[in-house]
Structure formats: C-alpha cells, structure tokens
Trainee: 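A single structure is presented below for examination.
Every chain is numbered from 1 and lettered A, B, ... according to where its sequence line falls, protein lines coming before strand lines.
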Amino acid sequence: MEVNLCRQFTKALLILLALVIIIPIFFGFLGFFLPSFGYFPAIGRYDFDLSYFNSSFDLPGISKSFKLSVFTGLFSTILALFFSQVILLKLFQTNIYNYIRLIIAPLLALPHITMAVGLIFLFSPSGLIFRLISPWLTGFDRPPNLFIIPDEYGIFLILGLLLKETPFFLLLSMSALEQLPARKVFNVGRTLQHSSFSNWFLLIFPLIYKKIRLVIFIVIAFAASVIDMSLLLAPSTPSTLAIRIFQIFQTSEVNSIFIASNLALVQFCIIIALILLWIFLEKIIKQNFFYIFLIKILTRKKSLFVDSLFIIAMVLFLLSMMGVASSFLWSISENWHFPNFFPSSFSLNNILIFLYQHQSTVLTSVCISILVSFLSIILILIWVELTETINFKILYFEWVLFVPLFIPQISFLIGLQSFLVTLNFQSFLLALIVVELLYVLPYCFIILAPALREIKKEFIKVGSSLGKNRFERLVFIKIPLVSSSLLTSFGIGMIVSLSLYAPVYFIGAGRINTLTVEAVNLALSGSRQDLGLATVFQVIIPILILLIIAYLNKKLTKWRF
Amino acid sequence: MIMIKPNKYVCLFIAISFIFIFPSYSKANKENWNNILKEASGQTVYFHAWGGAKNINSYINWAAETVKKTYNITVKHVKVSDTSNVVSRILSEKNAKKNNNGAVDLVWINGENFSSMKKNNLLLNENWIIQLPNSKFLDFKNNPSLLNDFGVSTGGMEMPWGVSQLNFYYDSKYIKAPPKSALKLKKYILTNKGRFTFPQPPDFVGTSFLKQILIELIADKNVLKLKYDQSHHEKMLKPLFDWLDEVTPHLWRNGKNYPSNYLALTELVADREIDIGMAFNIAHASNAISEGKLSNTVKSYIHKGGTLANVHFLSIPYNSSNITSAKVFINFLISPEAQIKKQNKNFWGDPSVLSSRKLTPEWKEKFLNLPRGSATLSNEELDLKLEEPHPSWVKVIEDKWIKKYGSNN
C-alpha cells in the first residue's frame, strides 16, 4: 500500500517536472498561434479570421524570404551531413580518428556568430583573402565592388552553417559508430568488392543515420530559422524569413505584432513541411530501384572523388580556423587598411577599454550560463532518478525535452514575450533563465542521461546492501561514477547558454546583455576592432571552460583511484 | 466658443512657461527640486539609448558614473539598436495595461519616434522640462527648434540634448572636389560605379539621406511641412524615386545590399570600398580619425543648399518606473559640465544645446576654447540648415523605398 502511494507520488513529481518544460512551450506556442489570427485579448482584440495571412503574403519580397530560408536550411543540413560522413570515412581507419574529438571540440564550442564573423573577415571584398592577392595579382588597389558576404543566394549563410553543423554531425556520428560493429561491417563490405565510399554509404551510414535522425531534424529546424547568423551573412534586400519576422516585430505599429505572429506560424509550418520533405526523401532513397542505382554509381572506384571532397572539407576546416585567427589580429590592430595584409600598428589599448566597458557583460554571460547549466544538471539527475524509481517506461515521453529545439526560436520567443508582457512579468532574469533552460537542457540530457542509465546495477546493489539510501547512493556512488559525463554535460550546457542570441535579445529586453548580443551589435555597426575583441572573448571563454573541464576530469580520476 | 478654448490653454501655457523660465522666480522651485533630489536618491534609471557608437556609450557611461557619485542614482544604459523597438515595447505595455513600472524609464529620441509616442500618448504628459533648474541655460524663446521636433511641438515633453546635422566626408587624398548637391552626386555615382551607398532604410541616417535628396529635388519645399496626404502628395515623391531609379544600379554592390547603419560606412570609407560617408554627428569623421579608423586626410562637407538639421531629445515614458530620478539625470545631462564634455571632440563632439548668452562668462569662455576636430566643419560652414519634413513623410518614403529597392533582389 505504502509502496504504491510512493509510486503515485513519484509519478506526480515526474509529471510536475515535465510541466516545467511543457508549460512555457505551450504558452510560447499559443502566444504566436492566437495572435496570428488576430486574437489577443490582452489588448482588446477578439477577432479570429485569416486576414493576417493576407497581410503576411502581401509583404514585399516575402516569397524570396521563404525561398531563402528553405534553401539555406535544407542545403546546409544535407551538405553538413555529407561532409561529416566523408571525413569520417577518410579518417575511420587511421590514427587521426582518436584525435578528431580533440580537434573539433573548439569548433563545436564556438558560437555561430563567431563563425560568421570569421567568414566576413576572410571573404568580404576588403577581407584577408582579397588582401592576400591584391594588388600584385588582381591589380586592385581598392576593394572590388563585389556582391559577396552577404551574397544574393545565401551561399555564405550556407557555408557558415556548414562550418558549424559539420563538426556537430561528426561528433554524433562518432558516438553512434562506437555502438556499432563498424569495423566488421566495413570488412564484410570489402570482401564484397565495395569501394570504401560505397561501403560506407551503403552499409555503415544507414546504421549511423538511424541513431542521429532526430538530431538531423533539429538541425534542419535550426538552420531554416537561424537569426544571428542570418543578420550577418544573409542578403538584406530582402532577408530570410526569420529576419523579416524579427524586423516586423520591432516596428512600432499596432498591427505589427499580429503580422509577426502570423509569419511566425508560417515559419513553423515551413519547418514541419521541410521535415516531412526529408522523410519523403528518406522513403525514396529506401526504394529498391534507387538503391540499385546508387550501388551502380558508387561501386566504381572513385577515390579521386572522395579525396577531393575530403580536401574540400579540410579547406573548410582551415577556413574556420583562419577566420577565428583573423579576429585575434583585428582585436589588437590599428590602422589596418586595404590592401595591407598585416595591420600597420598594434595596440593593447582596445582590449583594455573593451574589458573595462564590458566587464559586467562578460560576468553576466558567465554567471547565467553557470546557473542555467547547474539547474539543467540538477533537473536531469532528478528526472533520471524518478524514472528509475518507478521503472516507468516513459522514454517516449522524453521527446518532450527536445520540442523547444523544433520550434523556430523566433516564433517561440515572440509568443512567449507576448505572454510575459500580458502577465506584467517583472523579473527579466528569472524569465531568461527559464527560457535558456529549455534550450540548454536537451543538450545536457543527451550527454548525461545515457551515462547515468548505463551504470551497472551491481554498484547500486552494493550501495544498498551497505545501508545507503537513495540520496546517498546518488551522491556517493552514481555521481562519482559519471563525473566525467557530468562535467562534460555541464560544460556543453554553459557553451550552449553562452552562444544563445535570440532568447537573450527577446526575453532579456535589453536589460540583460550578454557577449553574443553585444557581438551582433558590434558586427552590425562595423567596428572591426571591437568585433574582433568580442569574438576573441567568445572564443576564449568556451575554450577555457573546456580546458577547466578536462583538467577537473583528470583530477577527479586521480582522486578516485 | 470651441475655437477659443484651446487658445486659452495655449496662452496659459506660454504664461506659465515664461514664469518658470524666468530665472528670478525660482525659490519655490528650488525647494521643490530639493525634494525631487531627495526622492531620487537610491533609484535606478533604465536609460534606453541607441548603443551603436563606442564614443557615445563611453560618454553615457561617464555621465552615469557622475550621477552615481553626486546624486546616488544608478543609471543603466540599455543599448538599443533602433529606437522604434523602444516605442513598440512601450506601446505593447500600454496595450497590456501596464501603466506603471514600465521597462523604460528614459529614452533618447526624436522625429518620427517622438511623434508616434506623442500620438499614442506614451509620454509623461506634463510640461516637465521647465521644472529642471538647468533648463535656464536653454534659450527656448529665441530658438524654436528646441520646442519643435520635426515640426511637431514637443509640449515640454522632451528635453533637448544635442544638435545634429547631416554631413558627408571623403578622403581628400583621392577626391579633389566632392559632389555638393543631389544632381552632382548623381553624376558622381554614375561615373564612379559601386563607390557610393547609404545605410539601408529604415535606418535613421539612411532615411534621412532620402529626405535630403527629396528636399533638394522637390519643386515646392513648403509642402513638406504639411502632413502627408496621398492624393495630393504622392506625385511630389516622383523626383526622388526617379533619382533613385537612375543611381541604384550603380551603387555599392549594385544596390542589392546596403550597410546596416552609418558606422558601417566608416569602415567602408576607410578601406576605400566607397568614396563618401555620411553621419548626423558633425564630429563623426574627426572622431574616426582620432580613433585611427580613418586617415587624417579625410574632410567633411555639406551640400551647397544646406543639409537636414535637427535636435535630439531626452524623454520620459508615461509608465516610467522612476520619473524623479530620470528628471535628475536629464538635469545633469543639460548642465554646462555635461554639455561641454559632450561637445568635446575627444568624447563625443555633439554640439551643445545651451545658449551662450545664458551661460556665465567662465563657462562661455570654456565653450569658446574647445578645440574643433580637423575634419569638423565650422559653425559658419554649417550655417545652411534644412528643416526636417513633417514626420508623416518618413513612413511613406521608407515603405516606398523598401517596396522598390529593399525587397526585390
């Protein structure tokens, strides 16, 4: 009887915990869904019709914005997935494989905006690449009038997304690979006279794919609605859908909130459509005739093809590194005009002034990220404990955690802000932390939850036989056992939090400022020195976090044995 | 009868204003002010101000530190990228009936944003500017631009903070004679393909540039003082859009992409991607030179027929959480001490709004001795000032520009 009561209680607690996540999502969704039909009781509007769809579709150039978002979202995801597999295939059976994680860690840690800034420093007509070849090769004594960065079709936006998503897919594929008998499969393929390329794409990739499918959907949703990167890399006449929503939401007219909400709904539908399209493509590829066709193309030895792709991937990797390096150079430069490849003078003054002016911003960014990450870890620990207690098969239920990643950020945030204003909500910080939690929790969960669940039952049994209660078992046995995953999860949580732009912009309402928001402002106002500096901090802080975690990990391991 | 009523109020208003502005009548006021100071101590003011320029941000930072020391008021600069966001924020608060404790305590504003706030009753609706002791240094009587914002009467709901005038700059090392009129500029753009651009409207400076061209080309300038009326005025915009039709394909990046604001132009001029930059701050080019961003051969100029000039203001929203401390901060910002620092080219370079006739001889002397930047025009050179069109024209010009050039590429 008592056991049953306890079970009921735990179940209730679990549902309560889920509600912490579901409630903001629900209100965020309602917050843009209802106004998109003209219904917004808080400001005395009770209409419910489709007229705002007309207003949305009548906006000048809106169809181009739709196309841009769809095009960049879809292609960046496909290309990133493709490149990640080519890299893996090339390095799979080499020694370098063991170091991939180390090499891509800093790339993963960089905020999207940093990558965008790096590309601008490199590719703009007055950027490093043109400086390198001017004037001796090109004859340019001044930057050419070229329409690149941003470009007309969003190619650079795709490139920027590609540079960020490829390492992400690489990491996930590697984790998936480690759970598979990959070497065996590979050798079977070899005996079947497959080339390594076809071997990979026909035998191993489908296995990896199954494991990372959910994440692919998340990446599509993100790429098709990204804001900060679009602000810098997407064309502006007109821009992507996310930016259009952003701009309309900010204009000071009464109806703009309805049109912005309506477009937010449209964007949500576009993302669902994109995912459906992806599933449809999956179906086609699975067809027999297509498979046979693929085998026919791929089985021929085309190492040249793979090699060139691999070289492209390496060039991309170098590019992202160079972009970051040039930010460092800009941050200490003075008088660095085209076509000089190096600044004519250096000065540390900029750094000092920047630090002085932005110390509180840096501090806020770091404190919020620590707080959010800490809360995420606690929630995950409780969640996993509770699910274990009642042995509840609710793993299907856990997808709820990932829902915030599928709703386009801007749609969700517009909706949520409408609600916060209506509720006369005062604490910007509390609201921001809750919202950041929604975005940070899933990433921490992916790393920490499996580790917790893989702990061998024997350890726990020993613990219980020693008379330790549940809480003691968690603190003294489980947490030390997963300390490395826990720390990694904590670090990734901080890094995700540090790189968030839209949540801080919308929910922080200007009262709470973080480095990423500051970096976007600086990028738009074009001061390259300051932008370089903001970027340097955005690079240094995550890398410091990673280093501290690596150090702690080592320390803890020593202490345990 | 109905006609007389408002007139009565206007007379009363003017009479009261004079009484307050008149310096000798200040005893009751002084006591009042001391109470305000007492009340304001310990409060926090959220100052929403455009935060794109480093020198302006440092100036605000300095002012915040000073009022913290002298009045124990904490000023938090909320860096805004476009002031219309602030208007939309207050508007949504009003819609949601959040009539006090608003997020915005004080806002840096002028023009269209002011008129939109005034129209929607989003401002502290009292003639508070005369309550501030330092308003005695401003000459409201002889300088009507201090009480009119783009032709709309301020009603004492915003305090003048600084003066700006559209000005252009170029590198005299490469360009001997810059184009000093809309027509010459057109010729320049057509012969120097890809070397001119302006910030993308609805950016403030970008839109102002379009207004400047319109004023130069429109047949009857007086029309611009009236409220825009589509049936009468649409055809008046034709010269502007004909001009744009001709030049747009020859702009930087073929008119398919624009810098996001005037600061981005500085970098483009520095790298010689473009030839001519523009700004509203008359010391902008000088500042950029002293920061090492522009070469010291850069010079400023304005168009022969003059350029747009306006005053920028500080205003308090109706639902501000800290009205008293906002007033104390504003009072500090218009003090001779704060204004001289603002006008100093090493800090901001934004001209003072104080009248030299109302200053003490010592302050007058100090203002006179301020050094001027190497690329800053003299007062005589800046003499030709054009009046801002009625704010209702702004939205029309912006929308039309966005429709024609901002969304079709």
Trainee: Is it the side chain or the backbone of B/Thr266 that comes within 4.5 Å of chain A heavy atoms, both, or neither?
Mentor: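 No part of it gets close to chain A.
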Trainee: Return the option, out of B/Lys79, B/Lys404, B/Glu93, B/Lys76, with the maximum number of heavy-atom pairs under 4.5 Å with chain A.
Mentor: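 Answer, by heavy-atom pair count under 4.5 Å with chain A: B/Lys79.
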Trainee: Side chain, backbone, both or neither: which part of A/Tyr505 has a heavy atom under 4.5 Å from chain B?
Mentor: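 When you check distances to chain B, only side chain atoms of A/Tyr505 fall under 4.5 Å.
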Trainee: Between atom CG of B/Asn257 and atom CZ of A/Phe147, what is the distance when rounded to the nearest 0.5 Å?
Mentor: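 Separation between the atoms: 4.5 Å.
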Trainee: Can you tell me which portion of B/Leu122 sits under 4.5 Å from chain A's heavy atoms? Options are side chain, backbone, both or neither.
Mentor: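 For B/Leu122, there is no contact with chain A at all, as no heavy atom is under 4.5 Å.
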Trainee: Just verifying a value: how many Å separate A/Gln250 CD and B/Thr83 OG1, rounded to the nearest 0.5 Å?
Mentor: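 Interatomic distance, A/Gln250 CD to B/Thr83 OG1, rounded to 0.5 Å: 11.5 Å.
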Trainee: Between B/Arg253 and A/Asp151, is there a salt bridge with N-O shorter than 4.0 Å?
Mentor: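 Salt bridge flag = no for B/Arg253 with A/Asp151.
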Trainee: Do the side-chain N and O atoms of A/Tyr356 and B/Asn61 include a donor-acceptor pair separated by under 3.5 angstrom?
Mentor: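 The criterion, which ignores hydrogens and geometry beyond distance, is not satisfied for B/Asn61 and A/Tyr356.
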Trainee: Under 4.5 Å heavy-atom distance to chain A, tell me which part of B/Lys293 shows up: side chain, backbone, both or neither.
Mentor: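 Looking at B/Lys293, backbone and side chain both touch chain A.
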Trainee: Heavy-atom distance under 4.5 Å to chain A: side chain of B/Lys395, backbone, both or neither?
Mentor: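 The side chain, not the backbone.
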Trainee: Kindly compute the distance separating CG (B/Leu91) from OG (A/Ser256), expressed to the nearest 0.5 Å.
Mentor: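 One gets 8.0 Å once the value is rounded to the nearest 0.5 Å.
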Trainee: On the ring face of B/Tyr46, is A/Arg511 found with NZ or CZ under 6.0 Å from the centre and within 45° of the axis?
Mentor: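 Yes - A/Arg511 lies over the ring of B/Tyr46, closer than 6.0 Å to its centre and within 45° of its axis.
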Trainee: Does any heavy atom of chain A fall under 4.5 Å from the side chain of B/Val269, the backbone, both, or neither of them?
Mentor: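 Neither part, no heavy atoms under 4.5 Å.
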Trainee: Mind ranking A/Pro150, A/Pro235, A/Pro339, A/Ser345 by heavy-atom pairs under 4.5 Å with chain B and telling me who comes out on top?
Mentor: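 Going by pairs under 4.5 Å, I would pick A/Pro150.
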Trainee: Where on B/Gln200 is there a heavy atom nearer than 4.5 Å to chain A: the side chain, the backbone, both, or neither?
Mentor: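 Side chain of B/Gln200 only, per the 4.5 Å heavy-atom cut-off to chain A.
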